[in-house]
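Note that this is a predicted model, so its numbers are computed, not measured. Residue numbering restarts at 1 for every chain, and letters A, B, ... go by the order of the sequence lines. The analysis underlying the following values was restricted to heavy atoms, covering all of them including side chains, and did not include hydrogens, waters or symmetry mates.
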Amino acid sequence: MNNKEIEKKWQKYWDKHKTFEAHENGNKKPYYILVEFPYPSGAGLHVGHVRSYTAQDALARMMRLQGYNVLYPMGWDAFGAPAEQYAIKNHIHPKEAVKENIKTFKTQMKSLGFSFDWSREFSTTDPEYYKWTQWQFLQFYKHGMAYKDTIPVNWCPTCKSVLSNEDAAGGVCERCGSSVVQKEKSQWMLRMSDYSEDLLKGLNDTNFAERVKLGQINWIGKSEGAHIDFKIDGHDKKFTVFTTRCDTLYGATYCVLAPEHPYVDEITTSEHKKEVNDYKKECSFKNDLERTELNKDKTGVFTGAYAINPVNNSKIPIYISDYVLATYGTGAIMAVPAHDDRDYEFAKKFDIPIIQVLEEVTGTPHENETKKNSIVAIVYDEKEDKYLTINWHDKGGRLFIGGTIKDDESAVDCAKREIAEETGYNDLELISILPKINHHYYAFNKDKYFNIESTGLFFKLKSYNKVDQNLDEDEVFDVEWVSKKQIDEVKDELHAKTFEYAMNPGAMVGDGIHINSDFLDGLNKEDAINQMIEFLKEHHCGEKQVNYKMRDWIFSRQRFWGEPIPMIDCPKCGWVPMNEEDLPLLLPDVAEYEPTEDGESPLANISDWVNCKCPKCGGDAKRETDTMPNWAGSSWYFLRFMDAHNTKEFASMDKMKYWNRVDWYNGGMEHTARHLLYARFWVQFLYNIGLVPHKEMIWTRVSHGMVLGSDNQKMSKSKGNVINPDDIVKEYGADTLRVYEMFMGDYQMDAPWSTDSLRGCKRFLDKIVRLKDKVNDNDGFTESLEVLQNKTIKKVEYDLTHMGYNTAISSLMILANAYDDKDSITKEDYHLLLVLLYPTAPHITEELNEMIGYSPICEGDWPVCDEDKIQEDTREIAVQVNGKVRGTIEIHVQDDEQAIEEKAMECENVVKHIEGKEIVKVIVIKGKIVNIVVR
RNA sequence: GCCUUAGUGGCGGAAUUGGUAGACGCGCUGGACUCAAAAUCCAGUGUUAGCAAUAACGUGCCGGUUCGAGUCCGGCCUGAGGCACCA
């Protein structure tokens, strides 16, 4: 068979008959399947594209046969930097480059036989499309959702361009290697943060995969806490911090403002001015990513100013540090080093006091406890790398040195005394005092319940100097030095925990009971938070607050190749929106444009374009020269597909109501957080102003894994592991590539390319072709195949709707093998196999189907599984003895447990294993397994 | 650092709710057909022992729950992807 010819033949057939064009009529149920439209890069279609388009294509083709009115559209997300770069280099207009790329992509897609409705095709760069993107921006503006704000951007002084975080990684421009600086720019913003709660709640009206929802939830980042006002010593001003842990306020020993915080200059004392300014400058050279990545070492400087802790009026120093971000919360924090890891690190470095206000609770509380203070001491011998323990053997096991603190004694003195008394060692150096632990226990020797506050102390042994031990009569134990591994033998919760603290110094971030906190003492975290919020409210210095990490959307880009923002800056009227009837605002038709000196968009250099009249007063004015981000056009393209040629609206309400929403949306993992969130925000806004029928227009969202190179690495030119789908189609045929990509592995996971496996799929299709020679003249189905046939119908149907593409193919292989075992099969048998395979391998199945005299599959029906045919009356189940399979038995479906048990007991190999043993019990799980427990 | 996600034969991967681990395919070994090769067909293929029946071991590591764990729980290790130090 000539693949090329039959592929062409059927692709032509489908085109000519407009088989896949969707129309908004008839009584078929509409179903909207969407794949992310690609960015048509110069590299051409990637085998990764083929994977997701084929998967959705199979679903679309099956559902059409099942009688759905399927909409499966395709278009182009063609604005973006690469096209712009390419165009600058080659002195052409980017639209020319894009045109070429789209042509290539479309030819490639067609060669793979995807059943897209090409009548709805558009590109985000078409003026007929971006007219509506601009129009929608104007709606945002008119509803107070768009505003200008000054935002720092990554700026490369050499390239004179604004860089993405990605291109500015490590503070170095990816293109030219110069260091990147932060530059303030006035930018258009969309008030996305106003939608935080709605975007969170809206997830309930979607069927997104759980992990996709989680991605969205984490991005929105809701946290409940409080804001607290801190007075500044010697100033009238107050600053506000946001915290989720207001219960730890008594432990706040300093505050930190973001270097960009507006109060910094004002409160910095003259002797700290230079340091602070230098530090601010230093930070301005770092982008957010750097602040994140190079976070190993905390940096910061003291401003010289002090804040007043509102709960106890203590003066605490105010620092600035880049570990506090201006963009999150209030740009200021109260630092509680005892109970926050970052604060702990910072406090250690700057030698700021650490006050513990929460202690962990171990053991079980009991009535009538006796309270006392005590210590647990850990002594480390560096030379031998061993720890000092005492072994009580069966009277209490291995422990460290413990003891009760006497009235006039410090914890350290107590520890030293106890160590000397119990072990004799007396030449010690204190390494650290560990957080206190609140421990409950029962002492057998005293028959009493105790509640102790235990202080952990960590010592280093300086020398083996010893004094005489001083032991009571009942103190019978061995003093033993043990390795770290043997510390596992310390089972006592208090001692084990103390050791853990010693090994991992840091903040105690968990729950516990409060200490050193006046009215909070004794309360747990939750209660203490509530009490503290009450206190703050009463004293007018704070209240409960919900905070979201999601920020407003920076909507400006200093680029040429994007949708122009339709705003006009008038010296008299300020910012004025363009008249809607003047849209689209076209990009100028020039092939030469250079970036400006000062980071404005290249459009700023094109004065013909920039200079215009104010729509309000008619005076001279200038256009906004920034363009929209790539995310804009892709935030609503799925709505346009519902009504792609509408010239009066972006899409009519009627058509949107007809299609209802996107039923199934597939795309890459990398877009499940941001793109999806932007699109949802856009839709929710349109819904709120009455322009779309639902608040959520996407029902199910799933994400696919990447196709990696055969070396298990991401495909890239530099690694030389790129597979071009054209080559595969040429050598093996489109159907082989399609089947292979469906079979290669779990659709939702990455999978490496294997040409060997591809050949296996070619062999499978060859077998399908050969089976045609087995077709006989009998009517109906071959009886002995009917069980498997109906099971396969059910399996393929289930798998194609549950992303089990690989197992769908494998079940078809099983069916084909069963056919192959027969001397002959009927036409009906063969036709059924072809229909089931058609969604994945449409060309070859149509051809073979035609050869046996049937009308085209694409115009026929999907088979229905006959449930009666797949009922079996016998079944093989396993018999286990003590959980190990020792044999199998054949049971009838109607057998009761008694009968199954008897059969199991007769099984030859089972008899061997239960002979002479006592049968404890027999577990019979009907239809599944028998397990005989013997002793 | 945080979030997400994974780890099963020589390889890609199956195992819908805790119930016969390794379906299906690749690769490999042996055989048939052929002058020969390709293609195709037949048999075998987790490891170890055994002619075999069978037995022991086996789903990243350590521990737990259970009659029974790839699947559930606790603790680690490693890979991949994402990120805006989220207080």
Distance between [atom1] atoms of [N] and [M] (Å, rounded):
N      : M      : atom1 : answer
C41(B) : G50(B) : C1'   : 31 Å
G31(B) : A38(B) : P     : 14 Å
C57(B) : G70(B) : P     : 13 Å
G9(B)  : G82(B) : C1'   : 32 Å
G60(B) : G68(B) : C1'   : 23 Å
A55(B) : A21(B) : P     : 12 Å
A36(B) : G25(B) : P     : 29 Å
G19(B) : U71(B) : C1'   : 11 Å

As a test of reading the structure: which of [options] is closest to the side chain of [X], going by heavy atoms?
X         : options                : value
Val324(A) : A87(B), C26(B), G25(B) : A87(B)
Met813(A) : G25(B), U20(B), G27(B) : G25(B)
Leu325(A) : A87(B), C41(B), G12(B) : A87(B)
Ile923(A) : G13(B), A87(B), C67(B) : C67(B)
Lys714(A) : G81(B), U4(B), U20(B)  : G81(B)
Ile814(A) : U20(B), A23(B), C3(B)  : A23(B)
Thr807(A) : A14(B), G12(B), C67(B) : A14(B)

With distance as the sole test, does Thr330(A) use its side chain to make a donor-acceptor pair with the main-chain N or O of Thr240(A) at under 3.5 Å? yes

Counting N and O atoms only, with roles assigned by atom type, does the side chain of Asn721(A) sit under 3.5 Å from a partner on the main chain of Lys714(A), one being a donor and the other an acceptor? yes

NA contact type, [X], heavy-atom cut-off 4.0 Å: base, sugar-phosphate, or nothing?
X         : result
Gln748(A) : nothing
Asp746(A) : sugar-phosphate
Phe764(A) : nothing
Gly221(A) : nothing
Ile925(A) : base
Ser754(A) : nothing
Met669(A) : nothing
Met550(A) : base

Check whether any side-chain heavy atom of Leu203(A) lies under 4.5 Å from a side-chain heavy atom of Gln216(A), and answer yes or no. yes

Taking Watson-Crick and G-U wobble contacts under 3.5 angstrom, with | marking pairs to another strand and [ ] crossing pairs, the secondary structure of RNA chain B is written (((((((..(((......[....)))((((((.......))))))((((....))))..(((((..]....))))))))))))....

Answer yes or no: does a side-chain N or O of [X] lie under 4.0 Å from OP1 or OP2 of [N]?
X         : N      : value
Arg342(A) : C86(B) : yes
Asn817(A) : G25(B) : yes
Arg763(A) : C26(B) : yes
Arg211(A) : A6(B)  : no
Ser223(A) : A87(B) : yes

Check the angle between the aromatic planes of Phe239(A) and Phe230(A) and answer parallel, tilted or perpendicular using the 30° and 60° thresholds. parallel

May I ask you to verify whether the side chain of Arg551(A) and the base of A84(B) hold a donor-acceptor pair under 3.5 Å? yes

Base C67(B) paired with Asn931(A) side chain (donor-acceptor, <3.5 Å): yes

Verify the neighbour count for atom [atom1] of [X]: are there more than 12 heavy atoms of other residues, nucleotides or ligands below 6.0 Å?
X         : atom1 : answer
Glu890(A) : CD    : yes
Lys525(A) : NZ    : yes
Glu918(A) : CD    : yes

Minimum heavy-atom distance [X]-[Y], with the two atoms named:
X         : Y         : result
Asp322(A) : Leu325(A) : O-CD2, 4.2 Å
Glu360(A) : Met508(A) : N-CE, 3.6 Å
Ala347(A) : Tyr254(A) : N-OH, 4.0 Å
Leu836(A) : Val796(A) : O-CG1, 4.1 Å

Ring pair (Phe, Tyr, Trp, His ring centres under 6.0 Å), that's the test. Do Phe346(A) and Tyr323(A) meet it? Break it down for me. CA-CA 9 Å; Phe346(A) 191 90; Tyr323(A) 83 95; 5.4 Å; yes

Go along nucleotides 48-63 of chain B 5' to 3' and tag each nucleotide: B for a protein heavy atom under 4.0 Å from its base, S when only backbone or sugar atoms are that close, - otherwise. ------SSSS------

